[in-house]
Amino acid sequence: MKKFAIGLFALMFVLASSAFATIRYVSTTGAGGYTVINTALTAAVSGDTILIGPGSYTISTQINEVKRYTVIGAGWDQTLITMTQDWYLNNSNRHSFEGMYSNSNSSFNIFNTVDSTTFRRCRINETVNTSSILWTLGRSLTLEDCIFTAAYTSSSVWQVLISQSNFPTTIRNCVFANTGTSGAMKAIGGYATSGTVELYNSDFLNFQIPLVLNTAGAPLIAINNVFHDWMASPSYGSYNAISTWDYNASTTLIPPGTNALLLAGDPFVNYDETANYVHGTTDLHLDPTNGAACINSGHPSLLDFTDGSQSDRGVYGGPKPLVDNGIPNYPWAVNILLNPNLVGVGTPVNATATGRVGPQY
Ligand SMILES: [Ca+2]
Ligand SMILES: [Ca+2]
Ligand SMILES: [Ca+2]
């Protein structure tokens, strides 16, 4: 009975503490309470969810709100955010970003200690030599189901620069692609004071050197990843010597560690080594013939959540495969048709909504 009483009290506390959490809807059409992302974030309080509907938005004023929030777009094919100023997180924890495309000459960045942030089902393209996610002072970071593209020409820039505060980073089912021609381009960087980096089921495309983790930092655990379309003089890069590499696959350069697979050619349905990653054209699903060696050959303790089979290598493998278009686990209406669509005041209309929701993982 005592247990029950405590449980009831805990439930009441959760209900009470969420009473002030608000869902704020940003919409280009004016259907929501806001048309500008900055305005919604300024109005928000910690715990709020900011929904960003289908359409194109700009971040032209730096975001620097000292509050915790969740941001959910309608998918990276629907919610486009052009960032010309940094989106800073500041002194607050458990932010979450989901379901959007950021095309940016700026970064997701931190001012002060920020803990437990997640980017999932996001596509982030960088148009200049700056990091997509600059986490130098931040703490635990999780990236899942994200596509990172850039064409850096500088060797002192990284798509994701992880924490230098000994906190862990987890990366699952992400694509890191160099869309340019420079071998200076790097995917992930870390420091001597960086924590563990767990890297599962990610694809690295068109790099000379994808990883620049400091050899004095905590170990890398790399499992089920695929590397392809290497530039001349390729190298996996730097990382702690006691790192674990297991069940990775690559063309050209056999991966370090155990159960490594050297592929004869690219394992994908469609990838053009000359064009590099082209969003909407490239298809990184495993080809049934060319990619057969990667299918059901991933780490045997990682089973595919969707069909129970042994995990595959690459972004569509692992327990929870990449979700196409970054469709979030949140129900969205992406189109509403009215019939008839030309009416006078008081005329009844039939409304047909087209909705979408991503898988519940
Ligand atoms: Ca090819
Ligand atoms: Ca290439
Ligand atoms: Ca499988």
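Numbering of ligands and ligand atoms starts at 1, following listing order.
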*Does Arg172 count as lying over the ring of Tyr200, i.e. NZ or CZ under 6.0 Å from the six-ring centre, within 45 degrees of the axis?*
no
*Please say whether the positively charged group of Arg120, taken as NZ for Lys or CZ for Arg, lies over the ring of Tyr361, i.e. under 6.0 angstrom from the six-membered ring centre and within 45 degrees of the axis.*
no
_Any N/O/S atom from Asn206 (main chain or side chain) under 3.0 Å of the Ca ion (ligand 2)?_
yes
*Is the Ca ion (ligand 2) under 3.0 Å from any N, O or S atom of Asn276?*
yes
*Under 30°, 30 to 60°, or over 60°: which ring-plane class applies to His228 and Phe268, parallel, tilted or perpendicular?*
perpendicular
*Whether Phe97 and Tyr69 hold their rings parallel, tilted or perpendicular, with breakpoints at 30° and 60°*: perpendicular
*Quick one: the OD1 of Asp312, the Ca ion (ligand 3), O of Gln310 angle, rounded to 10°, please.*
90°
_If I take the Ca ion (ligand 3) as the centre, what angle separates the OG atom of Ser309 from the OD1 atom of Asn296? Nearest 10 degrees is fine._
90°
*When you draw lines from the Ca ion (ligand 2) to O of Glu273 and to OD1 of Asp229, what angle lies between them, to the nearest 10°?*
100°
_Could you go through Trp245 and Tyr236, starting from their C-alpha distance and side-chain angles, then the distance that decides it, and tell me whether this counts as ring-ring contact (aromatic ring centres under 6.0 Å, His included)?_
CA-CA 11 Å; Trp245 290 75; Tyr236 286 94; 5.4 Å; yes
*Check all N, O or S atoms of Asp266 and name the one closest to the Ca ion (ligand 1).*
OD2
*Of Thr306, Asn201, Asp324, which meets side-chain hydrogen bond (donor to acceptor under 3.5 Å, both in side chains) against Tyr316?*
Asp324
*Taking 3.0 Å as the cut-off, does an N/O/S atom of Tyr271 lie below it from the Ca ion (ligand 1)?*
yes
